[in-house]
Amino acid sequence: MKNQELAKIFYEIADYLEMEGVAFKPYAYRKAADTLESLEEDIAEIYKNKGKKGFEGLPGIGKGITKAIEEYLKTGKIRIHQQLKKKTPINLGEMSAVEGMGVKKAQKLYQKLGIRNLKELEKAARAHKIAPLFGFGEKTEKNILEGIKFLKRSKGRFLLGDILPIAREVQSKLGELKEVEQVNFSGSLRRMKETIGDVDFLVISKNPVKVMDFFVSLPGVVKIWAKGNTKASVRMAAGFDMDIRVVPHKSFGSALQYFTGSKEHNIATRRIAISRGLKLNEYGLFRGKKLVAGQTEEGVYKALGMKWMEPELRENQGEIEAALENKLPKIIGYQNIQGNLHCHSDWSDGKQTIKEMAVAAKALGHEYLGISDHAKLPIANGLNEKRFIRQMGEIDKLNKKITGIKLLKGAEVNILENGSLDIKDEVLKKFDYVIAGVHSRFKMGKEQMTERIVKAMENPYVNIIAHLTGRKIGERDESQIDLDKILRAAKEYNVILEINAQPIRLDLKDVNIRKAKEAGVKMIINTDAHNKNHLKFMEFGIAQARRGWAEKKDIINCYHLKQLLKFLK
DNA sequence: GCCGTTTTCGGCCCGACTGTTTTCAGTCG
């Protein structure tokens, strides 16, 4: 797939052009790179089948970029890129990853000192060669060294599941300050993105300085990147950054809208503002100097001709158009889930007994809990047919003893290499439902993997396919699959696709959820809990479903027990 | 270089903080 390669080159061209002080073209190249990055089909395939006509209608790809793509597909290179690189042969990505270092500084350092990469940058800073340069200074040199130090320790993006609890804790600490009237987090965290770069807080306060002082002295702060009267930024010991912004009451809505993003969503909303003769910034929506809206997000969107929309939708993936036409989806709410069909007990690799899991699920207000221990996986102490039958007996007994929650008999069986299952049909038919999942050979070819999963779906006793692509964020890539084919099979055989709520899985991911929904395929949000605390992962699965525009009717564990059982039959 | 509910030409999102060139460019979100 050439899309990512090309996107990378266009981003680089954009950086170089910015370095040269060229106006607006960098924006154009980045826009084209964004388009390529999120493009599903292979650009090379499109070109092969339809020629450059196939690029028509792709946003941000016009005459010039089309030519560049053509050049790359034919020669493997883009001349302008080569020329720019030759002129300033530096590792821009590496250099500009250092906090405070952008393209201009990188260019100067190359021109004056010949610095091309991080290693040379560190060496020069240590030898105090940077401070005397025109435009640089002692502080800049020190910041470069600190930036490099933090860069080496930082882990990039963090899992939503790891960050959200920390952010909530900080939020409640800030909320306890008497100077703080209101505090929210914003950014990708409020949009519940699966990975988070940094945490952004937004505060209403009449005494911002006090809030700033408190914020930069929070436990865990190891570096203060910036601290002003209304804005501060810190690095936490865990390796991520936190930003805070204080705004007046009358601007809270526009500030929340602005800092929630996404960036693309903001650019789009600001364009709409401009087209209506308005200006949108974090302080409000203005006509000339007159404040039109700002206190609430609802007011801002309304003044732009839109209904308020859930933060999870704000990715400029059609939500703005939908809002303008009053066609926003009514996405699933965080309180709509009635139960959970994927969890493990100490019969396989879970930590708790079935009863303990049931009690914990009941405490969360669930109406039913499906026990779905592993089949036959040796590393997971998986069950064979005999043990499954015994477990069913135990679940029957527990159902008579426990009130307030119904236990369902399930299993997570393995889809073997050839698509068959590792538990016999005569036992499969005794379960209330069967989950099938791939747990081995994740790297087989796309066609083979697709066939493997489709074959499992054909089994009449399979209700749910677990964690479809097998990805583990930051650890294991998605298996290659033909999603369209799988969605067609799911529809045909009435198989439900799981949205696995484990923060490291979130599989189906948002864009796949949206495709499943559009294909009319039902989904279920499951925690895949291996201990009772994991039952709380449900929130992350719901978030992912919301990001995928899923509605209540798309998600079968929004059903009450009776309706669910009818559906599973 | 791209694009059009004002436009095929003339725009392209907007503001805070830092450090240094002491008035603002560079960087970031």
Side-chain angles (χ1 to χ4, degrees), chain A residues 10 13-15 17-19 21-35 55-69 78 80 95-109 130-144 146-147 186-189 197-202 208 212 216 224-234 241-247 251 254-255 257-286 305 316 321 324-325:
Chain A
F10 285 153
I13 293 176
D15 284 342
L17 291 173
E18 203 168 312
M19 184 186 279
V22 178
F24 306 116
K25 283 192 193 183
Y27 176 84
Y29 277 100
R30 287 198 184 105
K31 177 100 208 263
D34 287 342
T35 295
F55 303 160
E56 277 171 21
L58 291 177
I61 296 185
K63 265 189 179 166
I65 303 265
T66 293
K67 234 176 149 183
I69 296 175
I78 296 174
I80 174 154
M95 299 274 283
S96 57
V98 178
E99 184 83 15
M101 173 78 60
V103 289
K104 299 274 169 118
K105 281 186 188 163
Q107 183 189 36
K108 266 190 201 151
L109 289 174
I130 291 176
L133 292 180
F134 186 79
F136 290 77
E138 289 295 330
K139 282 220 164 166
T140 305
E141 185 173 272
K142 194 168 151 261
N143 280 341
I144 288 173
E146 292 239 321
S186 53
S188 54
L189 192 63
D198 54 19
V199 181
D200 305 293
F201 292 99
L202 191 63
M212 294 295 121
V216 300
I224 302 167
W225 294 118
K227 178 173 174 257
N229 286 331
T230 63
K231 182 178 170 178
S233 178
V234 298
D241 292 345
M242 297 201 307
D243 298 340
I244 193 168
R245 236 352 235 276
V246 179
V247 295
S251 300
S254 47
Q257 195 279 330
Y258 170 58
F259 289 110
T260 297
S262 63
K263 196 177 163 194
E264 291 72 22
H265 177 91
N266 284 353
I267 290 173
T269 46
R270 284 179 178 193
R271 279 175 189 278
I272 291 175
I274 292 168
S275 76
R276 297 182 177 222
L278 300 163
K279 185 177 77 168
L280 178 61
N281 61 30
E282 58 260 56
Y283 297 110
L285 185 65
F286 299 89
N316 196 25
E321 293 79 0
L324 287 170
E325 293 168 27

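Proteins come first, then strands; the chains are lettered A, B, ... in the order of their sequence lines, and each starts at number 1.
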Asker: With respect to the side chain of A:I274, which nucleotide from B:dA16, B:dC14, B:dG19 is positioned closest?
Answerer: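 Between B:dA16, B:dC14, B:dG19, the one nearest the side chain of A:I274 would be B:dC14.
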Asker: Under 4.5 Å between any side-chain heavy atoms of A:M242 and A:F201, yes or no?
Answerer: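 The answer is yes; the side chains approach within 4.5 Å.
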Asker: Would you indicate what A:Y27 reaches in the nucleic acid, counting non-hydrogen atoms under 4.0 angstrom: base, sugar-phosphate, or nothing?
Answerer: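 Since only primed, P, OP1 and OP2 atoms lie under 4.0 Å of A:Y27, the category is sugar-phosphate.
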Asker: For B:dG19, does OP1 or OP2 lie under 4.0 Å from any side-chain N or O of A:N143?
Answerer: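 Looking at the OP1 and OP2 atoms of B:dG19, one of them is under 4.0 Å from a side-chain N or O of A:N143.
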Asker: What is the nucleic acid contact for A:G135, judged by heavy atoms within less than 4.0 Å: base, sugar-phosphate only, or nothing?
Answerer: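 Base: the residue A:G135, judged by heavy atoms under 4.0 Å, touches a nucleobase.
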Asker: Is there a donor and acceptor pair closer than 3.5 Å between the side chain of A:Y258 and the base of B:dG29?
Answerer: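 Present.
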Asker: Does a side-chain N or O from A:K231 land closer than 4.0 Å to OP1 or OP2 of B:dA16, or not?
Answerer: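 So the side-chain polar atoms of A:K231 never come under 4.0 Å of the phosphate oxygens OP1 or OP2 of B:dA16.
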Asker: Taking atom C1' in both B:dT22 and B:dT18, what distance in whole Å separates the two?
Answerer: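 Here B:dT22 and B:dT18 have their C1' atoms 14 Å from each other.
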Asker: Salt bridge check, A:K263 against A:D34: does any charged N sit closer than 4.0 Å to a carboxylate O?
Answerer: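 Answer for the salt bridge query: no.
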Asker: Is the closest side-chain heavy-atom distance between A:V247 and A:T230 below 4.5 Å?
Answerer: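 A:V247 vs A:T230: side chains apart.
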Asker: Using a cut-off of 4.0 Å on non-hydrogen atoms, how would the nucleic acid contact of A:F259 be classed: base, sugar-phosphate, or nothing?
Answerer: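 Contact class for A:F259: none.
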Asker: Where each residue is assigned the nucleotide of DNA chain B containing its nearest heavy atom, which of A:A226 and A:T66 is assigned the position nearer the 5′ end?
Answerer: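 First, find each residue's nearest nucleotide; the 5'-ward one identifies A:T66.
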Asker: I need the CG-P distance between A:D198 and B:dG29, as an integer number of Å.
Answerer: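 Rounded to whole Å, this separation is 6 Å.
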Asker: The side chain of A:I65 is closest to which nucleotide in this list: B:dG19, B:dC2, B:dT6?
Answerer: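 Given the options B:dG19, B:dC2, B:dT6, the side chain of A:I65 is closest to B:dC2.
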Asker: Using only heavy-atom distances, determine whether the side chains of A:D243 and A:S233 contain a donor-acceptor pair under 3.5 Å.
Answerer: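 There is such a pair between these side chains.
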Asker: Mind checking if A:K25 touches a base, just sugar-phosphate, or nothing, with heavy atoms under 4.0 Å?
Answerer: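 Answer is base: heavy atoms of A:K25 come under 4.0 Å of a base.
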Asker: Report the nucleotide, chosen from B:dT6, B:dC14, B:dC13, that has the shortest atom-to-atom distance to any side-chain atom of A:S275.
Answerer: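 For the A:S275 side chain, the nearest candidate turns out to be B:dT6.
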Asker: Would you please confirm or rule out a distance under 4.0 Å between OP1 or OP2 of B:dC14 and any side-chain N or O of A:Y283?
Answerer: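 For B:dC14, neither OP1 nor OP2 has a side-chain N or O of A:Y283 closer than 4.0 Å.
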Asker: OP1, OP2 of B:dG29 versus side-chain N and O of A:S233: anything below 4.0 Å?
Answerer: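 It does not, given that no N or O in the side chain of A:S233 lies less than 4.0 Å from OP1 or OP2 of B:dG29.
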Asker: Ignoring the backbone of A:K63, work out which of B:dA16, B:dC2, B:dC13 is nearest its side chain.
Answerer: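 Of all the options, the side chain of A:K63 is nearest to B:dC2.
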Asker: Output the single nucleotide from B:dT20, B:dG1, B:dG29 whose closest atom is nearest the side chain of A:D243.
Answerer: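 Out of B:dT20, B:dG1, B:dG29, the nucleotide with an atom closest to A:D243's side chain is B:dG29.
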Asker: Taking side chain as C-beta onward, heavy atoms only, is A:N229 less than 4.5 Å from A:P208?
Answerer: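 The answer is no, as the side chains (C-beta and beyond) never meet within the 4.5 Å cut-off.
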Asker: If you pin A:K227 and A:A97 to their nearest nucleotides in DNA chain B, which one's is more 5'?
Answerer: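 Of the two residues, A:K227 wins.
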Asker: Does B:dC13 have OP1 or OP2 under 4.0 Å away from a side-chain N or O of A:R271?
Answerer: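 So the side chain of A:R271 is within the cut-off, an N or O lying under 4.0 Å from OP1 or OP2 of B:dC13.
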Asker: Could you give the distance separating B:dT20 and B:dG15 at their P atoms, to the nearest angstrom?
Answerer: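 Each nucleotide's P atom is 26 Å from the other's.
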Asker: What integer number of Å spans the C1' atoms of B:dT7 and B:dC2?
Answerer: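 The same atom, C1', in both gives a distance of 14 Å.
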Asker: Which whole number of Å gives the distance between the P atom of B:dC13 and that of B:dT5?
Answerer: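 Here B:dC13 and B:dT5 have their P atoms 16 Å from each other.
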Asker: Using both distances under 3.5 Å as the test, list the Watson-Crick or G-U wobble partner of B:dT8, or none.
Answerer: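 Checking every strand shown, B:dT8 finds no partner, since no pair has both distances under 3.5 Å.
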Asker: Has A:N281 got a side-chain N or O lying under 4.0 Å from the OP1 or OP2 atom of B:dG15?
Answerer: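 Answer is yes, contact under 4.0 Å.
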Asker: Look at the side chain of A:K105 and the backbone N and O of A:G100, then say whether any donor-acceptor pair between them is shorter than 3.5 Å.
Answerer: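 Side chain of A:K105 to backbone of A:G100, a donor-acceptor pair under 3.5 Å: yes, one is there.
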Asker: Ignoring the backbone of A:K139, work out which of B:dG19, B:dT27, B:dG29 is nearest its side chain.
Answerer: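 Closest nucleotide among those given: B:dG19.
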Asker: Pick base, sugar-phosphate or nothing for A:P59, based on heavy-atom distances below 4.0 Å to the nucleic acid.
Answerer: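 The residue A:P59 makes sugar-phosphate contact but no base contact.
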Asker: Could you check whether A:V98 gets within reach of a base, just the sugar-phosphate, or nothing at all, counting any heavy atom under 4.0 Å?
Answerer: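 Counting heavy atoms under 4.0 Å across all strands, the contact made by A:V98 is with sugar-phosphate only.
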Asker: Within this structure, what is the CD1-to-P distance between A:I272 and B:dG11, rounded to whole angstrom?
Answerer: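 Rounded to whole Å, this separation is 21 Å.
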Asker: Give a yes/no on whether any side-chain N or O of A:K104 is located under 4.0 angstrom from OP1 or OP2 of B:dG26.
Answerer: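 Yes.
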Asker: May I have the distance from A:M212 (atom CE) to B:dA16 (atom C1'), rounded to whole angstrom?
Answerer: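 Rounded to whole Å, this separation is 11 Å.
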Asker: Do A:I61 and A:E56 come close enough that some side-chain heavy atom pair is under 4.5 Å?
Answerer: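 With C-beta onward as the side chain, the pair stays apart.
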Asker: Base, sugar-phosphate, or nothing for A:K263, non-hydrogen atoms under 4.0 angstrom?
Answerer: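 Answer is base: heavy atoms of A:K263 come under 4.0 Å of a base.
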Asker: Is A:T230 close enough to B:dC17 that one of its side-chain N or O atoms is under 4.0 Å from OP1 or OP2 there?
Answerer: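 Yes, within the criterion.
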